[in-house]
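Naming convention: chains lettered A, B, ... in sequence-line order (proteins, then strands); numbering from 1 in each chain.
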Amino acid sequence: MNLVYAILIVVFLSLAIIPFLNSKMKGILTLASVISVSILSSIPAIKALTGESTELLLSGTIVTSTIPVRIDALSAWFILTINFTFITGIIYGISYMQAYKKQKANLSLHWISYILAHTALVAICSVQNSLVFLIAWEIMALSAFLLVIFESYSAKTLKAGINYLIQSHISILLLTLGFIWIFYKTGSFDFNAIRDFANSTTAFGGLVLMICFFMGFAIKAGFVPFHTWLPLAHPAAPAHISGIMSGVIIKIGIYGILRMLFLIRTDYLAIGYFILFISIVSGVYGVMLAILQHNLKRLLAYHSIENIGIIGIGIGLGCIGLGTENNLLSILGFSGALLHTLNHSLFKSLLFYSAGNIYQSVHTVNIEQLGGVGKNMKQTAFLFLIASLAICGLPPFNGFVSEFIIYSGIFNGIHDATFLNLMFLIFSIFGLVLIGGLAILCFTKAFGTIFLGSPRHSFHQKPKESNFAKRIPMYLIVVLIITIGIFPTAFLKALSLPVSQLSGISTADSIPLETSVSKTISQIGYVSLLFIVIAGVIFFIRKKFTVSNLYKTSSTWGCGYTGQVSKMQYTASSFVRNYRKLAEPVLYVHKFKKEVNGIFPGKAWHETHPKDKIEELFISSPIRQFKHFLNFFGKLQSGNPQMYILYGTVFITLLIAVPQVYEIIKTLLKFLNNL
Amino acid sequence: MISLALIILVSFFFTGIVIRTKSIASGRKGPGIFQPMKDIFRLFKKGAVYSETTSFIFQVAPSIYFASVVMAIMVIPFGQYKGIISFEGDFVFFAYVLAIGKFFSIISALDTGSSFEGMGASREALYSMLAEPAFFLLMGSLALLTGYTSFHEIFMTFHFGSYISYALGVMATFVLVMICMIENSRMPVDDPKTHLELTMIHEVMILDNSGFDLGLILHATNLKFAMYGALIANLYFGDLPLYYSIPIFLVIQTLFAVSVGLLESFTARYRMSHNAQFIFTLSSVSLLIFFGVLMMLGKLI
């Protein structure tokens, strides 16, 4: 009995049973199912990471031919990441969905889609038959769509969902094109055929194929300019779905890109430059827009684009390393990218879960209305803080480790680089630093305005801490975040196989490089620990001092003003106003305001609506023009029955007359020729 | 270890020299050079007033801020002697550990719920974000020039020889001085002696801190000054033996302090709205250094 059938049996059984259970049991069965699928798929994955990859050949059907299931180190890394995020997602989701327990049918659909999405993602990582791959991809896209539109009674959610559905089908279209091309040339669905094809074709052909696949996967991953579905879909979905979407579903795009890079050995230098450029733009653009958002979940969604950019920078550097035969650069680039994939899935799901806690407590995620929430939700505040520090890439957390690896890749790569190469590397240093700085601005804004200060809005009920069940998965994630931050070498070791698979460097060659890298990285762990210790010691000394001294509480210093000051607090918009002024030429901010004037001024207000310029340029504006063009034909739809009969008559007449006329012309020409 | 000890030593009188220089430049006698340190010790012994709006963040932030500066100092080498922490790419750690301190000082300012402190926090976040690329480009260029990626090795192999290298040294010093002024919120970006909250950056962020916490924050500033001074000094002494390098170190730190004092006496603060542009221009100076390095290596085109 092999694992594939075991997984399928578990999945189909749970799918069949879920509709007949009550709301609570539905969730629990889903949990059981997700955990069993995770365990079943993690066994070969862990084996693959220790060097023993699994290969199964399923007989398949006459259409698909044999289906190879291969779990190698690269798949394994992604499978483990997916499993972890899906488990935390379901534990969180069960208590999150308690609020919706009356919608039984809707819940059934939701949990069924959850299981399907999980299984499809695992399948995508392991199946190496292009037809089955596309089917799994489609199942994943559809189930993700169903997951997003859980609150389908809200028009906004549905719209976001449909936008996602369409864009993910454009992605499928591009992938299908690529696979058809290969099938046409080689007559095989097996992924190995892709490598054979890429080896036999010209460099240019390989490049075009790679770019075709890259664009298909980039839509899923959310690289700029293919990102426009992301900021719409994430806020619309329930918190745990946003968590898994941002944590792993978009990462499957990264998996696809890496898999294709592994299979299509083409002009790596050109591909590297291309990916690097697009990634830096994604990273900087994502965070630039994130800062201006007022909706917390939208802000986090833009941050996903930024982090995909960072992962992409790693991949791009890895490719440049391959292209210039700089082994160290390619090892560091790919390790950074893969580790950041895991890291981002951790802190981003944690952030989305925290956003979910806030939403269920005060029913809004509008940053401008929140304030001082941390006093009532101490643990959520703490969890959000850890995640914010991690996402900004600050030590002693995991984000720093992966960003540091990418940085050291760049700084090691500049030594023997050519001029063009150097320009790209300097450009990526600049990009990474800017991303880091802007992320700090963004998360001080988000954390500071939501959790600190005093309330900006009076809610009907005071915000209260979420229940314990929701916090369990969040603490699980925090443990992993800190573990990676302090003991990064263990994870780096787990990465060595996937990385050597990608970089194509034999283990014997890579061991000396890896030991030097892991020596540096282990230093980071110690140093991070030292930092925690020093901060603790200073805090302890301070505690000793202040206890022995007098201290008292009073109101905040208001420059002599002692009245009510909570309304005078800095808001999120004012916090980023200086930045907005700087960034306005590049971005696209709609501003409306009514200023205070006159002796008896009325109410003054100020609104900003950050718009996505690239969406406007590449999607909204072309669609508008296309609609405008189609409007010309609107006149045909007069609604007058006589007209429609006329169209019919004209159509039939033309149908009969055109061949006749054609024949006549032909005879006429023949006659003229004969003359 | 030597660098840590010396930096702590210099931090005791650095701001004192700055203040003394300023007093002499404006025709006053001025306090002794250890006066700022005495003030800090007095603060350590004082009680504190906390705002009712604040939470736990406000309590821990100064300690973390101070710890981050201490960590950053540990990375700095002293000539041929490594810092306590030294590994490949340690300058990335240096910048990021300072950033975590800044993160906490910003959110602790927001924790008070005061409009003034929010304003300061907003400016601090933006300006330090803009200054960061200059530092990384500078270090990247030096790494390219020397072929190493840790502070210690970079400074050990950085030698003056050609005209370009002198130009690089001068520009690198300029960039480091300016970054130091921005990080410490001094002239020409921010005026620590201004008496209007609306025009402050750093000072306004710590309006609500008092007692031990305020002492920590103020001393962190002193340490930061000495730390950047040490970075600049490191550019110059290479692998000289200790009996040369320690006096050189002290002289450079004193010169740095005097020039900070002079700068603050004779320049006006820039307009707040133009600060961002000014800071971003620093990156272009760093880029010049980068191209200088390319010229030295013969890699330009």
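Using a 4.5 Å cut-off between heavy atoms, B/Ile57 contacts chain A through its side chain alone, with no backbone atom that close. For a residue to count as touching a neighbouring chain, one of its non-hydrogen atoms must lie under 4.5 Å from one of that chain's; by this rule B/Phe58 does not touch chain A. No part of B/Phe135 comes within reach of chain A, as not one of its non-hydrogen atoms sits under 4.5 angstrom from that chain. For B/Ser150, no part lies near chain A; criterion is any non-hydrogen pair under 4.5 Å. For B/Leu144, the parts lying under 4.5 angstrom from a heavy atom of chain A are both the backbone and the side chain. Looking at B/Met74, only its side chain comes within 4.5 Å of chain A, counting heavy atoms on both sides. Proximity to chain A is limited to the side chain of B/Phe290, based on heavy atoms less than 4.5 angstrom apart. Proximity to chain A is absent for every atom of B/Glu124, based on heavy atoms less than 4.5 angstrom apart.
Ranked by heavy-atom pairs shorter than 4.5 Å toward chain B, the options A/Thr418, A/Ile440, A/Ile429, A/Leu389 are led by A/Leu389. When B/Leu137, B/Thr53, B/Leu130 are compared by the number of non-hydrogen pairs under 4.5 Å with chain A, B/Thr53 comes out ahead. Top candidate by heavy-atom pairs under 4.5 Å with chain A, chosen from B/Ser283, B/Ala276, B/Ala143, is B/Ala143. Comparing B/Val49, B/Leu216, B/Asn275, B/Asp90 by heavy-atom pairs within less than 4.5 Å of chain A, the highest count is held by B/Val49. Per-residue heavy-atom pair counts under 4.5 Å with chain B were compared for A/Thr571, A/Leu394, A/Val517, and the maximum is reached by A/Leu394. For the set B/Val97, B/Ile84, B/Thr54, the count of heavy-atom pairs under 4.5 angstrom toward chain A peaks at B/Val97.
Ring to ring, A/Phe411 and B/Phe91 are close: their centroids are under 6.0 angstrom apart. Centroid-to-centroid, the aromatic rings of A/Tyr407 and B/Phe136 come within less than 6.0 Å. Two rings, from B/Phe104 and B/Tyr65, have their centers 6.0 Å or more apart. For an aromatic pair to be called close, the ring centres must be under 6.0 Å apart, and A/Phe451 with A/Phe447 satisfies this.
Between the side chain of A/Thr556 and the backbone N or O of B/Thr112, at least one donor-acceptor pair lies under 3.5 Å.
Under the 30°/60° scheme for interplanar angles, the aromatic rings of B/Phe44 and B/Phe41 are found to stand perpendicular.
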